[in-house]
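All values below were derived from every heavy atom in this structure, side-chain atoms included, with hydrogens, water molecules and symmetry-related copies excluded. As the structure is a computational prediction, the values presented were derived from the model and not from experiment. Remember, it's 1-based here, ligands and their atoms both numbered in the order they're listed.
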Amino acid sequence: MAETTRDTQTPESGDSSPRTPAALRPSAQPPTLAEPLRVGAPASVAGGVTAVVKAMQHAWDEMGVMRGAQTLLKVNQAHGFDCPGCAWPDPAHRSAFEFCENGAKAVAEEATTARVTPDFFQKWSLVDLAAQTDHWLGKQGRLTHPMVLREGASHYEPVSWDEAFALVASELHALGAPDEAAFYTSGRTSNEAAFLYQLLVRRFGTNNLPDCSNMCHESSGTALTETVGIGKGTVTLEDFEKARLIVVIGQNPGTNHPRMLTALEAAKRQGCRIVSINPLPEAGLQRFKHPQAVRGVLGGGTPLSDAFLQVRINGDVALLQGLGKALLEREARAPGTVVARDFVESETLGFEAWAAHLAGVSWDDVVEQSGIPRERLETVAGWMAETDQIIWCWAMGLTQHKNAVGNIQEVVNLTLLRGAIGKPGAGLCPVRGHSNVQGDRTMGINERPRPAFLKSLGAEFGFTPPEHHGLDVVATIEAMRAERVKVFFALGGNFLSATPDTEATAEALRRTRLTVHVSTKLNRAHLVTGRRALILPCLGRTERDTQASGPQFVTVENSMGVVHTSRGTLPPASEHLLSEPALVARLARAVLGPKDTVPWEELAADYGRVRERIARVIPGFEDFNRRVLEPGGFSLPNGPREGRFTTTSGKAHFTVHPMPRWELEPGQLLMMTIRTHDQYNTTVYGLDDRYRGIKAGRRVVMLNAEDMKELGVTAGQPVDLTSHFEGERRVARKFVVVPYDIPRRCAATYFPEANVLVPLHSIADKSRTPTSKSVVITLVPSVDLPALEASR
Ligand SMILES: Nc1nc2c(c(=O)[nH]1)N[C@H]1C(S)=C(S)[C@@H](COP(=O)(O)OP(=O)(O)OC[C@H]3O[C@@H](n4cnc5c(=O)[nH]c(N)nc54)[C@H](O)[C@@H]3O)O[C@H]1N2
Ligand SMILES: Nc1nc2c(c(=O)[nH]1)N[C@H]1C(S)=C(S)[C@@H](COP(=O)(O)OP(=O)(O)OC[C@H]3O[C@@H](n4cnc5c(=O)[nH]c(N)nc54)[C@H](O)[C@@H]3O)O[C@H]1N2
Ligand SMILES: [Mo]
């Protein structure tokens with residue numbers, strides 16, 4: 001097959017839209033600036049006083065001293081708002097400071113006093129805005145007015161809410177079929193807004209509900225549904241107090257779930273062992289200084305990991321099979337000591353096939369593919385054999401590979417072998433990202449809804465919801481490229497920069513008739529538009545929400561299936577903002593017409609009425625309005641947690657997976673795209689990755705020093721990266737080389753700058769999640785392209 005190359009930074013290449021000459025088009029990527037990069041030693045301890053100082057700095061810079069302090073004191077309190085940071089649960093006994101450095105940044109980002117007004121949009125054209133960095137775009141502040149980009153216009157202009165809704169309605173009505181529209185959701189949307197949104201979309205007539213889960217924990221949901229019968233984790237926060245062994249695999253909690261370190265520290269102090277499995281020695285997994293405890297202010301902090309297995313990127317199946325093999329060999333030496341026989345016999349299927357498969361796996365392959373010596377695996381297997389109070393935690397390091405579902409199912413295999421599920425201190429813990437991503441799925445944001453859900457929804461609202469499956473994220477991009485989807489609507493998020501293959505996604509969005517974003521802050525997705533575009537500004541979590549019946553609260557579901565309230569306390573950023581539930585209800589009326597039988601206005605006037613409907617449609621929400629007001633909220637039913645596997649067979653399933661093999665050609669590396677300590681997904685808070693010692697720059701590529709020698713590149717040198725997939729090549733220019741403690745032939749870059757390199761069609765088996773942590777690249781020293789730079 002002939003190779004095709006897309007130089008993603010050469011404006012005239014690629015399949016350019018016939019409508020606008022490339023030079024006049026807003027750029028889909030941030031500019032490549034010369035960053036004053038500073039590289040120091042990585043930190044070996046997370047938290048401590050610096051974390052508090054950094055949190056306060058961000059809060060004060062964005063909000064001022066008083067508003068900053070008052071706002072942070074409301075985070076994650078029983079009568080306050082849910083932190084818009086991560087989905088880690090709140091402890092039953094909360095301290096006054098139930099937030100972390102990065103939660104404080106997330107709050108500050110939303111509660112900033114800076115504003116993006118109509119004057120701002122009059123001054124800045126789309127092309128000029130797109131020439132700014134993502135960091136700059138975010139710093140401009142909160143959106144204050146609904147804005148429209150009219151056909152052919154270079155600037156957004158203010159528009160009334162009624163006109164905005166009428167525009168969406170007229171474009172939707174002009175479609176040949178409801179499936180020509182797609183409705184994206186990001187995971188910050190409340191349960192109430194998400195429920196109304198999916199109802200609107202299904203009454204309109206489609207299941208095209210792609211969401212950020214498709215790029216996130218979809219692999220976990222798929223893997224767990226097949227094997228244990230529920231697409232969620234099985235542990236509660238209390239289990240962390242009882243566990244004897246906690247494994248953190250493919251996750252960087254020090255940065256992405258800092259409050260989890262408090263739970264790990266507490267477990268550790270009670271004698272629990274912690275094992276971390278990661279290509280990088282992440283600071284938060286080595287040592288932790290609790291910023292709100294005296295021992296975290298004085299002294300060196302608590303060492304966390306008892307063992308650190310520095311696995312090669314995507315070497316986890318090999319590593320987990322090695323652990324399984326070591327455990328089965330122990331069992332053979334001392335029968336009855338390792339395999340939880342009674343549990344395996346009465347509650348599971350497939351053990352024999354799995355054991356037979358591992359017997360055929362060679363230790364040489366395990367060691368070669370994982371990069372971990374056999375003795376180290378034997379040690380950890382020994383710890384696993386000592387206890388059945390084992391918790392496995394994971395995040396994107398397992399979910400974003402071709403064999404992601406296999407990764408997670410290998411974790412399930414080890415869990416079932418030990419019977420380490422459905423008992424105190426044991427179970428499976430996929431650590432969610434966005435603060436309500438799990439709740440959104442529970443509310444029916446799902447392009448492949450379960451028939452029982454549709455039946456129940458249809459019965460409650462008297463209609464027949466569409467049954468055929470809708471489009472996920474990657475399929476939506478493809479459909480827009482092929483002009484099969486012509487209207488793109490997003491409830492939150494940054495579809496352009498979060499998705500793989502940035503230039504392909506940009507081209508897809510440009511081919512639509514209308515792009516609409518419901519947002520709190522300006523981002524690059526507002527700049528790469530369809531023929532027409534809307535920005536619809538909404539209230540954030542931190543803000544008071546008052547509707548016709550009075551003050552409202554919303555509800556969210558955390559990573560452990562606990563549903564609780566979230567109540568904003570700050571005055572809204574602008575009087576023109578709508579809450580997400582109100583916005584969806586008004587849109588629904590505009591789209592579905594005055595005769596639609598759903599009482600949209602009544603539902604928006606009192607969210608308690610939305611919760612009444614949810615209670616009737618979704619199992620586990622019975623008596624929702626009363627139970628959610630109990631302290632701490634309530635837990636949703638969870639079969640495996642209660643010892644019932646809700647698979648079709650009623651049993652948990654062992655599964656067999658081939659060991660994936662590295663197939664790199666000479667000079668090729670396997671690259672993962674990860675988050676810095678100073679970002680929330682595509683929102684860039686600052687330019688430092690403090691724990692990794694990388695400051696004042698984001699366009700970096702971390703490499704093993706030996707590989708650097710072999711490739712003939714030096715620290716600080718700018719290189720161009722090329723990704724390779726099925727004969728396609730994608731190029732990203734000027735990433736600065738940083739030597740780092742990373743396994744041979746592995747590389748790391750930051751999301752979203754490196755998303756241009758993630759091939760659109762490189763997706764996980766079954767879950768279809770883009771393989772953002774398994775990108776095959778080569779690199780060459782950058783050559784300056786003065787002519788090209790000048791032409792932009
Ligand atoms: N402050 C902050 N908090 C966040 C976010 C944020 O951007 N900023 N994002 C939120 C969201 S939506 C999510 S999903 C989570 C993400 O939370 P994480 O999954 O922790 O985020 P990543 O930075 O993608 O890091 C993945 C980790 O996996 C490791 N890894 C990569 N490849 C492999 C592999 O092949 N095997 C193993 N074992 N490890 C690997 C990386 O070295 C890194 O430590 O965080 C949430 N919380
Ligand atoms: N290469 C690579 N790509 C990745 C990943 C990776 O690890 N590597 N991770 C993937 C993952 S795990 C995820 S979850 C996705 C994230 O994908 P998204 O969820 O689409 O992206 P975010 O950057 O979280 O969205 C940020 C925007 O959301 C808006 N926003 C913030 N709060 C609110 C709110 O309360 N309401 C509304 N309506 N809007 C709000 C703001 O305008 C802000 O600019 O990215 C994925 N992409
Ligand atoms: Mo995520």
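Of all heavy-atom pairs between D211 and V473, the closest is O-CG2, 3.4 Å.
Considering CG of D440 and CD of E557, their distance stands at 9.5 Å, rounded to 0.5 Å. The CG atom of N214 sits 8.5 Å away from atom CG of N446, with the distance rounded to the nearest 0.5 Å.
Annotation for ligand 2: atoms under 4.0 Å from non-hydrogen atoms of N523 are 27 (C), 42 (O), 43 (C), 44 (O). Close approach of ligand 2 to V518 is summarised as follows: ligand atoms under 4.0 Å from at least one heavy atom of the residue are 37 (C), 38 (N), 39 (N). Residue contact check: C538 has heavy atoms under 4.0 Å from atoms 36 (N), 37 (C), 38 (N) of ligand 2. Of all atoms in ligand 2, listed by their number and element, those nearer than 4.0 Å to a heavy atom of G492 are 37 (C), 38 (N), 39 (N). Against a heavy-atom cut-off of under 4.0 Å, Y184 is close to the following atoms of ligand 2: 17 (O), 18 (P), 19 (O), 20 (O). If you number the atoms of ligand 2 from 1 as listed, the ones under 4.0 Å from a heavy atom of E580 come out as 34 (C), 36 (N), 37 (C), 38 (N).
Side-chain N or O atoms of Q198 include one that pairs as donor or acceptor with a backbone N or O of F195 at under 3.5 Å. Side-chain N or O atoms of Q140 include one that pairs as donor or acceptor with a backbone N or O of W136 at under 3.5 Å. The backbone N or O of C538 lies less than 3.5 Å from a partner atom in the side chain of R142, making a donor-acceptor pair. E101 contributes no side-chain N or O that, together with a main-chain N or O of H677, makes up a donor-acceptor pair within less than 3.5 Å. No side-chain donor-acceptor contact under 3.5 Å links S762 to the backbone of T771.
Heavy atoms from both the backbone and the side chain of T520 come within less than 4.0 Å of ligand 2.
Within 4.0 Å of ligand 1, counting heavy atoms only, the contacting residues are C86, N102, C216, I249, G250, Q251, N252, T255, N256, H257, I277, N278, P279, L280, E282, V311, I313, N314, D316, A395, M396, G397, H401, G433, H434, M672, I674, R675, Q679, Y680, N681, K773.
With sequence neighbours excluded, the residues satisfying side chain to side chain donor-acceptor pair (under 3.5 Å) with H145 are H576.
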